[in-house]
Amino acid sequence: MVAETRLGVDDLIAPLFVSETLTGPVEIPSLPGVMQHSQESLRAEVERLANLGIPAVILFGLPETKDATGSGASDPEGVVQIALGNLRSDLADEMVLIADLCVDEYTDHGHCGILTADGSVDNDATLELYADIAVAQANAGADICAPSGMMDGQVLAIRDALDDSGHIDTAILAYAAKYASSFYGPFRDAVDVSIADGGDRKGYQQDYRNGREALDEIAFDISEGADMIMVKPALAYLDILSAARAVTNVPVAAYHVSGEYAMVKAAAANGWIDGEAAMLEILTSIKRAGADMILTYFADEAAELLQAEK
Ligand code: PBG
């Protein structure tokens, strides 16, 4: 009765991986219980998640081929666009379809943008790619585009492209405060990304020593037209989440990322912690800090538990 915070199934967003080459689901070794899906197994999985009451999924694509500009990301026949079309026809409006909008899964160098001759990411040239991807995703049936590349001006570029192509109701969930983090390791296995020449994303993602800077990033994104903002990762950034909640009125999402999930799974598998209890404690703490919604690989497991408790 006096609990201040409640975790509900409708807070959960499931990240899902869909492959252009697989013919059935394959478990990702560093993300126990999480699959790379074929188009068909993805459809079955999303139906299962809908039956659990999970309101939204976010899709990541694994293309058959990669190139310097990540052209698969905006291809109308690209793996995520096909998936969006299938899921829209399977589920109509029963599931909110979010498309992660970035090129790192599609580029042969693994960066989130196009490179200049010296190998650094060209922010403004990348915006043009993002605009094309947004239109392709909206055409295919995305309700929400979620730009995760951390290019300056990406929200405005995407908003303009969506409006100009008639997609005035397609929303933007901005990965606004996204840190260059060591907790993305298992995700890069999941999408088969390694950054060329041992590079990193510190040129465009945030420095974890900085908190106030995140609030500027969030304010920029909202002024550019973000409908919702995200803080990522979650657990090592609960202070950022709580500060974001205090200064914004748009919905705030938190991404409980791959490494955060993998740590709980690994410790639980060793019998060092109670995995289920840790899951609930972590997800509830993310809500307590201010998140309205949580992207988490625990979505199905948490939903099952919460439904059983009901
Ligand atoms: C990049 C992207 C990343 C994640 C989501 N989108 C990886 C990165 O920035 O290197 C990580 C998510 C996770 O670790 O669960 N498009």
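Remember, it's 1-based here, ligands and their atoms both numbered in the order they're listed.
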**Q.** Output field: ring centroids F17/F187 closer than 6.0 Å
**A.** yes

Q.
Checking a contact table here: which protein heavy atom is nearest atom 16 (N) of ligand 1, and how many Å away?
A. D104 OD1, 2.8 Å

**Q.** P147 and I172, any side-chain heavy atoms less than 4.5 Å apart
**A.** yes

(Q) Contact between T248 and M228 at the side-chain level, heavy atoms closer than 4.5 Å - yes or no? (A) no

Q | Nearest non-hydrogen protein atom, atom 8 (C) of ligand 1 | A | R201 NE, 3.4 Å

Q. Taking only heavy atoms of C102, which atoms of ligand 1 are found under 4.0 Å from at least one of them?
A. 16 (N)

Q) Can an N or O of R188 be found at a distance shorter than 3.5 Å from an N or O of ligand 1? A) yes

Q) With a 4.0 Å cut-off on heavy atoms, does H256 reach ligand 1? A) no

Q | NZ or CZ of K178 within 45° of Y237 ring axis and under 6.0 Å | A | no

Q. For the side chain to side chain donor-acceptor pair (under 3.5 Å) test, which of S30, S194, S258 pairs with D189?
A. S30

Q: Could you see which bit of Y261 sits under 4.0 Å from ligand 1, with heavy atoms only: side chain, backbone, both or neither?
A: neither

**Q.** Ligand-side contact atoms (ligand 1) for residue partner Q205, heavy atom cut-off under 4.0 Å
**A.** 8 (C), 9 (O)

Q: Would you tell me which option among M150, E260, K232, K178 has the nearest heavy-atom contact to atom 1 (C) of ligand 1?
A: K178

Q | F187, Y184, Y297: member with heavy atom nearest to atom 15 (O) of ligand 1 | A | Y297

Q: Kindly confirm or rule out a cation-pi arrangement of K265 over F298, judged by NZ or CZ under 6.0 Å from the six-membered ring centre and within 45° of its axis?
A: no

Q. Is ligand 1 under 4.0 Å from a heavy atom in the side chain of S258, in the backbone, in both, or in neither?
A. both

Q. Is the backbone N or O of L156 less than 3.5 Å from a side-chain atom of E224, with the two atoms forming a donor-acceptor pair by type?
A. yes

Q. Are T69 and S71 linked by a side-chain donor-acceptor pair shorter than 3.5 Å?
A. no

**Q.** Side chain, backbone, both or neither: the part of V257 lying under 4.0 Å from ligand 1 by heavy atom
**A.** both

Q | Atoms of ligand 1 close to E105 [distance to a heavy atom under 4.0 angstrom, numbered from 1] | A | 16 (N)

Q) For ligand 1, which atoms sit closer than 4.0 Å to a heavy atom of Y255? A) 12 (C), 15 (O)

Q. Just wondering, are more than 12 heavy atoms of other shown residues or ligands nearer than 6.0 Å to CD in E304?
A. yes

